[in-house]
Amino acid sequence: MIGKNWTRKRSSLDIIAEFLASRGRQLDPRPFLEWIPIFSNDHAELPGDIVEKIIRDSYDDANPVVKCIAEKLASSFNILIGRVQKNQLKRYIDYERPEDLETFIKLVGAGDVDRDANAIKETCHEIIQSNAMLLERSQPVFWRLLDEAIETGNDDRVKDYLVFLYSRLLAFNENRRISLQFLFEQEKELIRDELSSRSGNDKGTNAYAEFEAFCNNPDIDTHAAIVSKFNQKYRDILEREDGTRDKKALVFLKLDQAMFDARNTKTEFYDHACSCVKKAHDLLRNHHALVISVENIISEGVNLKWDIYAQLTIFAEKHIPTRFNRTYYHAEEICADVLEHKLSRRITGEERACLKEIFTGHGENTLERDFSTFTRAGIHETIEFFKEPLSGFTFVDCYIIQRDRCFPNSSDIHFIENRNELLLVFYKNVVDERKVPCPVCGSLKISGNSYTEIGEKSWECKNPLCSERSKTNRGKRYSIRTIFMQESLHDFRNENLVPKSLIKVWRKDLVERPTDEQYFSMVIKYFTHPADTLLAINVRNPATLLEVARREERHVDLATIDEIIPFRGDIVGTWNRFWHGPLFHQFLYTTERDASMIEAQPPVPLQVMKKGMACIIHDDCIEVMRRFQKGSISAMITSPPYYNAREYSQWENLYNYLHDMHGVIEHAKEILVPGGVFFYNIGDIYDNERTVVKSTMGNKRIPLGAYIILLFEKAGFTLLDNVAWFKGEPQSNRQKNDGNFVPFYQRPTNCYEHMFVFKAPGPLNLAIDRSRNTLRSNVQKFSPVIKIGKGGVNRYGHTAPFPPELPLLAITCFTNPGDVVFDPYSGSGTTPIAAASTSRIGIGTELNDAYARLSVEMAREQGLKIIFLKRSGDGEYAREGIVAARDATEVKKQSTLDAFADAKDPEKAGR
Ligand SMILES: C[S@@+](CC[C@H](N)C(=O)[O-])C[C@H]1O[C@@H](n2cnc3c(N)ncnc32)[C@H](O)[C@@H]1O
């Protein structure tokens with residue numbers, strides 16, 4: 001490790017000059033650096049190798065060592081360390097100041113962890129010693145880059161390297177203690193522009209004067225303390241200007257049966273609930289949370305809980321027509337993607353140019369003049385839609401909360417135990433283009449960097465004095481949200497810290513029996529900071545909420561829904577406008593292909609299939625569904641391709657995906673028997689909808705399940721229930737908070753998928769023999785199929801199979817022996833095999849030849865009879881042969897599936 005030769009006090013310019021000279025570089029740094037202002041000539045006592053240390057720091061040489069120590073502390077001391085602790089440890093490793101290690105020790109002990117200071121110190125030292133080589137590795141890199149710049153005469157580059165060293169050095173030396181006055185002087189022109197330009201009136205001038213008066217203070221303090229005061233005051237002024245101060249840090253809303261009953265119809269209920277969501281958006285501070293508790297609400301014998309989840313989630317995400325910034329929103333591209341799907345053809349270059357004109361506002365009439373295809377109904381509407389696409393809240397999580405007692409389920413499936421309620425979490429993210437000073441140096445010399453996500457503007461500091469310039473002289477990157485999150489990391493009060501005991505209860509998104517106290521503690525401590533004010537609407541057990549809030553130093557405003565948004569004429573129609581609005585027209589449409597008649601085509605030869613047989617049809621599921629007879633399928637069970645999750649499921653954007661899923665659902669309604677069930681397995685996915693941007697800033701959790709519910713309801717299905725498939729907690733110690741035990745860092749592990757029970761119109765089709773029914777509760781725990789063997793090889797042969805327990809739930813509950821069970825996306829054939837092995841007729845369609853053939857193999861292994869069909873040129877389904885069971889013993893062995901069904905049957909299992 002580099003030694004600690006302390007040295008006399010020198011100016012930073014001298015230090016840099018000596019540093020270069022000592023390495024034999026003939027370079028005078030002064031012309032590159034003298035323009036940078038310094039605060040004082042009071043120099044600090046610094047180690048002789050301070051510049052080397054700065055290089056080590058900025059190249060993050062210590063990061064692998066920090067990681068190694070963090071892992072050791074987690075495994076040996078059960079201490080998870082977050083961003084603040086890691087930065088502190090890195091600081092110690094980089095600069096070797098004993099006081100930094102002491103601070104680190106304090107920081108790891110500041111939470112609710114065990115402390116063992118000496119052992120931790122020893123651990124740190126051992127790991128640092130054994131990795132000493134790593135800490136030197138960037139010095140040659142730095143010199144190589146600097147030499148290259150010098151040799152090629154690239155003065156800009158040379159300046160970048162020197163400014164980065166110098167600005168960091170100043171923070172240790174001349175500028176380690178500064179005054180508000182100094183900071184203000186550096187920034188005053190920009191501050192004046194910013195504070196007066198926005199309002200352009202006296203208000204702005206007053207804001208500037210107020211800020212100037214505040215900064216008229218020559219007292220010096222540490223750099224960090226002055227910047228913190230400066231930034232706080234600046235942000236206070238901004239908040240006062242836009243009324244943020246009066247906004248709520250959290251809106252917590254409960255929807256229950258009483259609220260439902262207070263309205264005359266389901267539509268009125270949704271009008272009211274959606275209006276409440278809209279109002280919450282106005283009432284909330286930016287980047288803060290709306291939390292909605294959805295209780296069990298029964299309407300006409302159907303439990304609406306998951307329907308409410310779907311309606312409110314999509315409404316919340318898409319209810320505000322928004323003019324997005326054209327630097328990232330290229331409406332013509334996004335719109336063309338949707339139009340291509342609608343028109344089932346490519347959009348020509350000319351048409352693209354026309355779209356561009358329309359969206360840049362220069363070509364209102366070009367549309368009718370030049371492109372007759374665009375004038376078709378639906379196409380115009382899409383173009384209009386993308387002028388101001390819908391945005392709103394960002395969906396974050398849906399917790400399923402298991403309670404002690406049972407709640408009523410939909411009357412058709414009253415025998416399926418229902419103990420749960422829902423808790424939905426959304427964030428408000430609205431782009432705020434106002435500048436906020438750099439959190440490190442307080443400068444407004446910043447430029448818009450990009451958008452971290454849609455609704456979040458991020459900045460990059462351009463101040464040469466900033467002490468966090470990167471090795472390539474890039475500035476600190478930050479946003480308003482990262483500022484408040486990171487500031488909270490330095491607040492070690494109990495009221496701000498989230499205790500591990502609470503995280504333990506809420507670490508999964510399927511939560512077992514939280515108490516009211518734990519429930520409110522989570523909501524408050526995960527999504528607000530001390531001193532915040534939250535609004536609780538229609539809350540259950542307000543006494544406990546108030547008690548928790550008092551303990552955690554938050555303020556609560558309690559209100560009824562009618563106080564927040566009275567049910568009046570002006571909110572009538574809110575939901576209808578959404579439900580029949582333009583959003584749905586982007587994916588609920590009929591293409592020429594969808595509409596084409598196929599009566600002349602030969603039907604699927606269902607007559608050759610017998611009870612206990614499986615059939616795999618290698619084709620596009622829509623083609624096959626068009627050839628089934630109306631009402632010929634008893635039940636459908638599937639796990640469709642999840643939007644852009646796998647190699648076989650790639651769509652240009654979410655709307656095109658939803659359109660294709662809608663096609664399957666529409667056909668399902670035709671081919672299912674009246675009251676037949678479609679058992680639909682889907683999970684949320686983290687991806688980009690690509691309906692606003694295609695870059696990673698669009699990445700988010702997409703509530704696919706909510707969209708699917710709406711598609712089914714549009715097609716006339718009834719959602720009876722959602723059976724949560726609890727897949728177990730993933731084996732990892734990622735607590736989804738990276739060791740940061742403060743608000744806004746806590747995320748549960750997503751550990752369930754949806755299995756929706758949709759019923760086609762008509763009385764529900766149920767199994768006659770209910771003794772073999774395995775669907776007895778709407779939470780089912782079984783493990784996913786283990787696919788990956790040694791060396792990461794997929795030994796199963798399919799990338800996303802579901803386990804046979806899943807189709808068996810629906811088969812045993814909603815079908816009888818001899819019934820036809822169909823899976824449009826059958827993959828490795830799990831559904832048809834499960835159906836055949838329980839004396840049904842199991843049919844699956846699969847587009848991928850290898851998967852279709854894998855299904856045949858799987859069925860053979862089960863000893864089942866299986867037919868493999870393929871469409872020939874004349875549209876006829878040709879049989880590639882009935883594959884016989886291998887032998888009698890294997891036929892017996894196949895009854896593992898039956899055995900499973902038996903084991904789940906409490907009587908046969910001897911329970
Ligand atoms: C999630 S996987 C189904 C896995 C299946 N449940 C299993 O256990 O193996 C979805 C399947 O749908 C298939 N697929 C995608 N598009 C299709 C289409 N249009 N028609 C039929 N199959 C399709 C994919 O090849 C993939 O195998």
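Note that ligands are numbered from 1 as they come in the structure, with each ligand's atoms numbered from 1 the same way. Model, not experiment: these values are computed from the prediction.
Side-chain contact check for Phe756 versus Phe679: every heavy-atom pair is 4.5 Å or farther apart.
Remark: ligand 1 and Leu847 share an N or O pair separated by less than 3.5 Å (distance only, no angle test).
Annotation: cation-pi geometry not satisfied between Lys781 and Trp725 (NZ/CZ under 6.0 angstrom from ring centroid, within 45° of ring axis).
Shown here for Ile671 and Met625, the closest heavy-atom pair between the two residues is CG2-O, 3.7 Å. The two residues Asp823 and Pro832 have their closest heavy-atom pair at CB-CD, 4.3 Å.
Salt bridge absent: Arg345 and Glu340 never bring a charged side-chain N and a carboxylate O closer than 4.0 Å.
Close contacts of ligand 1 with Asp620, meaning ligand atoms under 4.0 Å from a residue heavy atom, involve 19 (N), 20 (N). Taking a cut-off of under 4.0 Å to the non-hydrogen atoms of Pro824, the atoms of ligand 1 that pass are 21 (C), 22 (N). Interface of Ser828 with ligand 1, defined as ligand atoms under 4.0 Å from a residue heavy atom, comprises 7 (C), 8 (O), 9 (O). Within ligand 1, the atoms closer than 4.0 Å to a non-hydrogen atom of Pro801 are 7 (C), 8 (O), 9 (O), numbered from 1 in the order shown. Atoms of ligand 1 lying under 4.0 Å from at least one heavy atom of Tyr851, given by number and element, are 25 (O), 27 (O). Of all the atoms in ligand 1, the ones that sit under 4.0 Å from a non-hydrogen atom of Thr830 are 7 (C), 8 (O), 9 (O).
At a 4.0 Å cut-off, at least one heavy atom of Pro640 sits close enough to ligand 1 to count as contact. Residue contact annotation: Asp619 has a non-hydrogen atom under 4.0 Å from ligand 1.
Thr749 places no side-chain N or O within donor-acceptor distance of the main-chain N or O of Lys508, the cut-off being under 3.5 Å. Within the 3.5 Å criterion, the main-chain N or O of Tyr655 finds a donor-acceptor partner in the side chain of Asn653.
Ring planes of His618 and Phe868: parallel class, angle under 30° (limits at 30 and 60°).
Between Phe802, Tyr825, Tyr642, it is Tyr825 that holds the heavy atom closest to atom 17 (C) of ligand 1. Of the options Ser826, Ser639, Ala834, the smallest heavy-atom separation from atom 5 (C) of ligand 1 is shown by Ser826.
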